Q: 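Here's a structure for you.
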Amino acid sequence: MKPRELIVCRDVSLGYEGQSVLTHLDLTIRAGDYLCIVGDNGSGKSTLLRGLLGLLAPQQGEIWRAGELRRGAVGYLPQQTRAQRDFPATVSEVVLSGCLNGRGMRFFYSGAQKSRALMNMGKLGILELKDQCYRDLSGGQQQRVLLARALCAASSLLILDEPITGLDPAAAQDLYKILSYLNEKEGMAVVMVTHDLKTALRGARTVLHIGRSSYFCGTAADYLASPQGRRFREEEA
Ligand code: ADP
């Protein structure tokens, strides 16, 4: 039996102001998947993530989301802007803010939410940084903090947009290891947009390549054998 479906896109078109960026896309994301979304700049990767998150309604077709993902229960790591890197809050405040969706009308975080934040900081090895100011951290530490924040919201799916941009190779490697751990040991589905295909393909099981006029969606091995993916195999040789 196949794992349960989390998000199903059926013949979906997405875009802005009547202009389509993506058309006729079929895609199923299941529990425990590890999907890398790749394609040229401007091909529509971030637009697709917005659609998957429910932030952008399809112009055509349907994006079905499992009940467990409604009410914001998806961990989302957006691309970081310069202003966000300078955010003047402590690490624990940033991580706890990931619980905002579950706070409802209450003004304070519950004990359970604080425990969840502490647990996620522990999981990502940033517990000792909890009282430090977020903006004083290295890029790699900041990404761990944002990932811990995303995990506070995530029940079964993490969506990441270019998570290793600006990280040095060691910090990037570190982040991939954490993602593989979360995917393999905790069953967290991971959907990631990335430029760093060569490394990302080691963890990803499925690849969606958004081309100019077609899509490739298949296993990482099939992607490397496909016309679109072949160049990454040659790079590796
Ligand atoms: P990618 O993430 O693959 O680089 P994007 O999804 O960001 O691509 O962008 C796809 C296309 O949609 C681009 O042509 C971009 O200019 C356009 N676009 C992105 N965001 C908006 C927006 N908010 N309003 C109008 N057009 C947009």
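Just so it is clear, the model here is predicted, and its values are computed rather than measured. Just so you know, ligand 1 is whichever comes first in the structure, and atom 1 is the first atom listed for that ligand. All values below were derived from every heavy atom in this structure, side-chain atoms included, with hydrogens, water molecules and symmetry-related copies excluded.
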Q: Find out whether Leu146 and Val94 are in side-chain contact, i.e. whether some heavy atom of one side chain is under 4.5 Å from a heavy atom of the other.
A: yes
Q: Test of understanding: given a 4.0 Å heavy-atom threshold, classify the contact between His195 and ligand 1 as side chain, backbone, both, or neither.
A: neither
Q: Counting only nitrogen or oxygen atoms and a 3.5 angstrom limit, does Gly44 reach ligand 1?
A: yes
Q: Taking the side chain as everything from C-beta on, heavy atoms only, tell me whether Met188 gets closer than 4.5 Å to Asn183.
A: no
Q: Heavy-atom contacts with Asn41 under 4.0 Å: which atoms of ligand 1 show up? List them by number with element.
A: 4 (O)
Q: Does Ser43 come within less than 4.0 angstrom of ligand 1, counting non-hydrogen atoms of the residue?
A: yes
Q: Do you see a protein non-hydrogen atom under 4.0 Å from atom 12 (O) of ligand 1?
A: yes
Q: Using a strict cut-off of 4.0 Å, indicate which atoms of ligand 1 neighbour a heavy atom of Val21.
A: 10 (C), 11 (C), 12 (O)
Q: Should Tyr176 and Thr194 count as side-chain neighbours, where that means a heavy-atom distance under 4.5 Å?
A: yes
Q: By number and element, which atoms of ligand 1 are closer than 4.0 Å to a non-hydrogen atom of Arg50?
A: 20 (N)
Q: So, Ser43 versus Asp40: side-chain donor-acceptor pair below 3.5 Å or not?
A: no
Q: Minimum heavy-atom separation for Pro58 to Ile63, with atom names?
A: CG-CG1, 4.0 Å
Q: What residue and heavy atom of the protein are closest to atom 10 (C) of ligand 1, and at what distance?
A: Gly42 O, 3.4 Å
Q: Considering non-hydrogen atoms of the protein only, which is the closest contact for atom 7 (O) of ligand 1, and what is the distance?
A: Ser46 CB, 3.8 Å
Q: Compare every heavy atom of Cys217 with every heavy atom of Thr206, then report the nearest pair and how far apart it is.
A: CG2-SG, 4.4 Å
Q: Does atom CD of Gln19 have more than 12 heavy-atom neighbours, drawn from other residues, nucleotides or ligands, at distances under 6.0 Å?
A: no
Q: Counting heavy atoms only, which part of Thr47 comes closer than 4.0 Å to ligand 1: side chain, backbone, both or neither?
A: both
Q: Give me the nearest non-hydrogen protein atom to atom 23 (N) of ligand 1 as residue plus atom name, then the distance to 0.1 Å.
A: Tyr16 CE2, 3.6 Å
Q: Any protein heavy atom at under 4.0 Å, with atom 15 (C) of ligand 1 as the reference point?
A: no
Q: Taking C-beta and beyond as the side chain, do Leu27 and Tyr215 meet within less than 4.5 Å on heavy atoms?
A: no
Q: Please work out whether the ring planes of Tyr223 and Phe216 are parallel, tilted or perpendicular, with thresholds of 30° and 60°.
A: tilted
Q: For residues Lys130 and Ser92, report the shortest heavy-atom separation together with the two atoms involved.
A: O-OG, 2.8 Å
Q: Given that the side chain starts at C-beta and the backbone is N, CA, C, O, which of these parts of Leu48 lies under 4.0 Å from ligand 1, counting heavy atoms, or is it both or neither?
A: neither
Q: Would Glu17 count as a contact residue for ligand 1, given that I'm defining contact as a non-hydrogen atom of the residue lying under 4.0 Å from a ligand atom?
A: no
Q: Which atoms from ligand 1 have a heavy atom of Asp40 less than 4.0 Å away?
A: 3 (O)
